[in-house]
Visitor: 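My structure is below; once you've seen it, I'll send some questions.
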Amino acid sequence: MSGPMRDPKGATVTFSFDGKTYQARAGDTLAAALLANGVGHVGRSFKYHRPRGIMTAGIEEPNALVTIGDGGRAEPNTRATDVFVYDGLIARSQNRWPNLSFDVGAVFSLAAPMLGAGFYYKTFFGSAKRWMFYEYFIRKAAGLGNAPTKSDPDRFSQRAAFCDVLVVGAGPAGLQAALEQAEAGKRVILVEQDSILGASLIRDPQELDAAWAEGAAARIRAAGGRILTRTTASGYWEHDLVTLTQRLSEPGEVPSSGVTQRLWHVRAGQVILATGSIERPIAFAHNDRPGVMLSQAARTYVRRFGILPGKRIVVATNNDDAYKTAQALQDAGAEIVAILDARPQFSDAAAGAESAGLPVWTNAIPSSASGARHCLSGVTAIVDGQSKSWKADLIAVSGGFTPVVHLHMQAGGTLDWNDAAQAFVPAASRQNVTTIGGAANPDPVFPVTPVSNPKKSFIDFQNDVSLADVDLAWAEGYRSVEHLKRYTTLGMATDQGKLSNMAALGRLAEKQGVSIPEAGLTTFRPPYTPVSMGLIAGAGAKNAGAHVRRLALYDVHAAKNPIWQPLGYWFRPRAYPQGQETLAQAALREAKEVRTGVGMTDVSTLAKFEVSGPDAAAFLELICATTVGKLAVGRGRYTFMLREDGIAFDDGTVWRLDENRYLLTSSTGGADRMATHISYVRQYLCPQLKVSAVNVQEHYAGIAIAGPKAKAVMDALIKADAPRHMSTVPAEIAGVPVIVLAASYSGERAFEVYVEASHAASIWAACEAEVTAQGGCLYGLEAMEFLRIEKGHLVVGGEVDGRMTPMDLALDKMLNKAGGYIGATGLSRPALAEPGRRQLVGLEAISGDIPEGAMLITHKGGSPHGHVSAAAFRILEGGSVALGQLKDGFSRHGEELIASSPTRGQEARVRVVHPHFYDTAGERYRD
Amino acid sequence: MSRYSALGLLRGALNGQKHWQPAWRDPEPKSHYDIIIIGGGGHGLATAYYLAKVHGLRNIAVLEKGWIGGGNTGRNTTIVRSNYRLEPLHNFYEFGLKLWHGLSDDLNYNVMFSPRGAMFLGHSDADMVKLAERGDAMRCDGIDADLMTRDEVAKLEPLLDMSRDARFPIQGGLIQRRGGSARHDAVAWGYARGADSFGVDIIQKCEVTGFVRDGNAVVGVETTRGRIGAGRVGICVAGHSGHVAAMAGLKLPVESQTLQAMVTEGVKPMINSVIMSQSLHCYISQSDKGGIVFGGDPDNWPSYAQRGHPMVMEGAVAQGLALVPALSRLRMVRTWSGVTDMSFDGAPIIGETSVPNLYINGGWCYGGFKATPASGWTYAHTLATGKPHPLNAPFSLDRFERGATIDETGSGPMPNSR
Amino acid sequence: MMQITCPHCGPRAQSEFIYERTVDSVVPLDAAPEQAMATLFARTNPRGVDEEIWRHTYGCRAWLVMTRHRVTNEISATRAVGPEALP
């Protein structure tokens, strides 16, 4: 590699590679900076650990992959060609041990004759455990860089935008298009993945005035257009939505704003793709060595970065573009030792080069590169059928140009074959997208058939896939392009096949004896270039994308430092421990207080719907499987709801507040589902009904007061008479209107007070004062669970698990005999009445404590007949009791079973009983 | 069929790997087969393999409209496990898991099944009870399952975020140690090679366009390569079951939805098991190549597009990063989508249809890949005998209208609520 | 991500909407049991155009019917449903 040829006055920055410090010029890519410092060997390949250098100057780089940065900012597998050097940048080589120049893994290269395509499939037999033994070493050898082990200190943000025209790519075509659209009054967004605008103009500034790009950009901005650099259009989705990934700081760099990357969702009226093309390599033996570089990349290093990547250079080409490279390299002081042109005839460019004194060989195809350990020393070619060699330290290759059609194809577009360019170009699309510039009109080329030893002629550089691997896959019958890709791992590397796809298709077509378009093409899917996971997640990475719904009484609870319990998106107090109490101790104390005195709890999260209008009862009799119409004003009753297939999916209570006004409550966990169900029935199924069904879940906060002294509390709180069990009265507490329901989930005399959520804290305080005056306490979900299990009440998500019918839950006596409710027809499905269904039972421990979730078995080693859905204790007397589902359980009362939990090493002997353990006569509801 | 072995590879090293034969033939379709299987995915190929191997049948064809393994076999997250809560499901998948453990040897094709452990994380006491219930149900039926403490989870997967104040703090887990992952493409190829060696005709680029009927009964298929007669025809085209069944006038309890997955650039080993969650809907594992394989919920609306929705992916990745923050700087390099048959109870359908001689295998929801051996085995039994194997008897097509659904999540007949 | 035209709000991102069910799955209230179960469980699920019920859940919350191609995602129509849309 040559030394630097740089502007000594440029600002310098300091970076390190593998621990050694170097200087670079601001604006350099890491690849440019390494070349400028004479570092040509940058990485090791994936499979054979072959030494690899810098092949490209762009996002398609397969070889020069490094880890950038430290700690939680470390970015493995970063393309050195796609990171701009900043002061303090730390880069490390990958996939080598102990170091880059001496890598033990290179022994894989010796075994290469055995390790061709698909070798894994043919060996390592024996038990799965034996495969895991080999796999351990295979996994260690695989992968490239190391992932960080620390959390990411930076933020990723997301933004949505709309525009009339989105232009992707700020080369001459893209700039021109954006300029025209912006000056025609369109809202334009122009994105460019590079840090500066111009694309091909940067390496070929003579083709348009270099200042033209800057002038065009200024005019686009002046016309209101937005230009985003370091921004890649990575995905094209439905209805012209394009995702952009924008780098606000370089890999590993501390972002000044705290935000390192931004993801844009842009909905565009029209998309113009000016994405250019990617130069193709040529397959020849050892074409993966450091010192083999794409022609346009070599030109870019000279023209953009002022770096001469070699001194004695061979240029190999099948097109005219590479002559510009030869000229640029020669102008910069390199010696062009040969131009190998695959075309049989001199083109104008070739003739021009020859007349300018450059050594042009036609009908010349490179066959191999030779070299010392990590650099190039010579090139051999077949010229007119004869082998010919040159000493060289760089070979600049151009095998033609592959238009960047990825976004077009992601948009659902089809492709046409352009035979002159030997390339697929965009054809029709059902979305509003057009492609312009080099991506639509690639330069003509001459098709090159490789003349080299296929085993060492690589087409997928990173994954070490050679022409011989393609040949082997073909021979073994993996002949569709997808089979080929999957069998050889071709195109599966971090460069996503950008360099390898066309070479593989060419070989496949050659084998099949068909043209390339007949051989097929794989589908391009997002992303166009790899996208950071943190960017995809955005702010959601902090909370798994799950918001928290805060109780109206959150602050009131938090002041008491409860144990919290997640319930859907809510967090509710599970218990309010005092002193050193454990959860279980606190919950038992709270439950005992409810059984013997009075307790209060927050039930605000219950689903609540206000249903009103002349057809309110008719509507409710669709939603609820129980009768509603006969309910007297001021009365309420228990109810449950069925899915259309007849399975119970929620339960609650329904209250007739007024002649045509009802309040329906249902479970917290099912609240959103119930809201959708009610809305569906009202809006879609029964739009003709005269009814309003309003979700008032968060409109009302709810407080339950339960226990033998609950009535005394109520009497002190409201002027009206406390309602009888399953009755309701409107009332006032401290001048605030409330709804008081007498309903009990605990088995005790109990009330629920509903109040507009904005008054929740003051009403809570008023209730708490009276409860405290009666010697009572607060109770949480755990105590509530104890109380309801002992009473045999159901819980949605427990006994009501989405598989049980009303018959299974012994609720069938309450079904509306007139039918007509949703689920009535589903309930008549024959298998729902067959024997063998799981049915609700109570379980009483004979010995041991019943583990919740345990299986019910008849004997050790037996298959489960059911399970324990909820377990608790008799609150006052002690003793383990539970609710469960048991096959044909109704007819098995009295039977002894084992409640077995092998995963916890617990079991209890249980007796099947009626699922009500407390006050079966319901006397405690009465005053 | 030339056997695969390390010795063969060594011999190949000397001759330039030139002695290998095609893994399967490329035959012309015959005019009649005893059994035709529509769909050359893993399930169809496994069915053909077991029809030949277990039932001794030979006159069998697998018809594939594209290239074998090109549907959901090659578009999943390669997870293999049998840790289901409900008996019919875990018994079926466990039968399959046992086959997985000997599959590479049986097929003489390394499917790289790696039982590294399939772990569900629990994030609350309620989650842990649900996990114990699932584990207990499995253990009582003789299937391995172990609860894990927080510390055990942290030890197995050191990169999990174990902080107590996480949105979904990790309290423990349930692991099935015999579960893991496999190389998906190899499963299709291995079964194809095995079936081919018994004389099964695997016919690619042969799309079925209709059924040949004699009265109500199916007696063959119309294809893009002509009419082919058959004694019995088995549909095995999950994702497109409704489309093919419609050719026979059938409607199915299935909605086709897109399920996306993705993989990151390869890195050195960082994830040791298959990580799933009781409360979140993402699953994470690391492939042998080093890529972190990621999946989540389906796009919850009907689609045959094989293209995903970016926000569904963003949601799944957010969940994954909440669990494993160290994934933040890795880069997603590839995404793919499969069209899945979302059945109306979340369980598969394997059995007869109301049309004589026509059978169906579909409705796999998310669970198709891991089921491949068991699905093939039981479907082969059904096609060979005309009667269900005891393991697939519960998965009959008529169970929905009869009321005998097998609803693991209890979500009912709307797949988007699952 | 599609762009869906809400009959009330105009074109909006798909992320504001939730798919609920297909029109062909709607069980009429007066359906006989066998017909009801066939409607619920036997779906056409076409690889082509279908009518679907969506809801503008994170917008105006209205229900709508959308005619959409399942492969191309081309939306040929959306229409309002509910009491206000009654003839």
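Only heavy atoms go into these numbers, but all of them, side chains included; no hydrogens, no water, no symmetry mates. All values derive from a computational prediction rather than experimental measurement. Sequence lines set the chain letters: A, B, ... in the order given, protein chains first and strands last, and positions in each chain run from 1.
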Visitor: Side chain, backbone, both or neither: which part of C/Ala31 has a heavy atom under 4.5 Å from chain A?
Guide: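 The answer is the backbone of C/Ala31.
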Visitor: Tell me, side chain or backbone of C/Ile18 under 4.5 Å from chain A's heavy atoms, or both, or neither?
Guide: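 Neither the backbone nor the side chain of C/Ile18 comes within 4.5 Å of chain A.
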Visitor: With under 30° as parallel and over 60° as perpendicular, where do the rings of A/His406 and A/Tyr528 fit, or are they tilted in between?
Guide: perpendicular
Visitor: Would you mind telling me which of A/Trp264, A/Trp237, A/Tyr236 makes a side chain to side chain contact (heavy atoms under 4.5 Å, CB included) with A/Thr243?
Guide: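 Going through A/Trp264, A/Trp237, A/Tyr236 one by one, the side chain to side chain contact (heavy atoms under 4.5 Å, CB included) with A/Thr243 is satisfied by A/Trp237 alone.
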Visitor: Just so I understand: if I count every heavy-atom pair under 4.5 Å between each of C/Gly82, C/Pro33, C/Pro83 and chain A, which residue has the most?
Guide: C/Pro83
Visitor: Do you know the tightest heavy-atom contact between A/Ser157 and A/Leu535?
Guide: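 Minimum heavy-atom contact is O-CD1, 4.0 Å.
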Visitor: If I measure from the heavy atoms of chain A, does C/Met37 come under 4.5 Å with its side chain, its backbone, both, or neither?
Guide: side chain
Visitor: Under a 4.5 Å cutoff for heavy-atom pairs, which residue among C/Val81, C/Ile75, C/Val65 has the most contacts with chain A?
Guide: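 The candidate making the most pairs under 4.5 Å is C/Val81.
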Visitor: Just give me the residue among C/Asp30, C/Thr57, C/Ile53, C/Val27 that pairs up with chain A most often, heavy atom to heavy atom, under 4.5 Å.
Guide: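 Most heavy-atom pairs within the cutoff with chain A belong to C/Ile53.
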Visitor: Taking A/Thr676, A/Leu827, A/Leu241, A/Asp240 one by one, which has the highest count of heavy-atom pairs under 4.5 Å against chain C?
Guide: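 Ranked by heavy-atom pairs under 4.5 Å with chain C, first place is A/Thr676.
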Visitor: Given the rule in the salt bridge (charged side-chain N to carboxylate O under 4.0 Å, His left out) test, do C/Arg61 and C/Glu16 qualify, once you have shown the distances and angles that lead to the verdict?
Guide: CA-CA 9 Å; C/Arg61 298 193 182 178; C/Glu16 295 183 13; over 6 Å; no
Visitor: Under 4.5 Å from any heavy atom of chain A, what part of C/Gln3 do you find: side chain, backbone, both or neither?
Guide: both
Visitor: So do the side chains of A/Met409 and A/Leu415 get within less than 4.5 Å of each other, counting heavy atoms only?
Guide: yes
Visitor: Relative to chain C, which segment of A/Asp645 carries a heavy atom at a distance below 4.5 Å: side chain, backbone, both, or neither?
Guide: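 Answer is both: backbone and side chain atoms of A/Asp645 are under 4.5 Å from chain C.
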Visitor: Aromatic contact between C/Tyr19 and C/Trp54, with the criterion being ring centroids under 6.0 Å apart: yes or no?
Guide: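 Centroid distance C/Tyr19-C/Trp54: below 6.0 Å, so yes.
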Visitor: Heavy-atom cut-off 4.5 Å, strictly under: side chain, backbone, both or neither for A/Leu622 against chain C?
Guide: side chain
Visitor: Let's go through A/Arg159 and A/Leu263 carefully: what are the C-alpha distance in whole Å and the side-chain angles of both, what is the deciding distance for side chain to side chain contact (heavy atoms under 4.5 Å, CB included) to 0.1 Å, and is it a yes or a no?
Guide: CA-CA 6 Å; A/Arg159 194 176 278 187; A/Leu263 181 67; over 6 Å; no
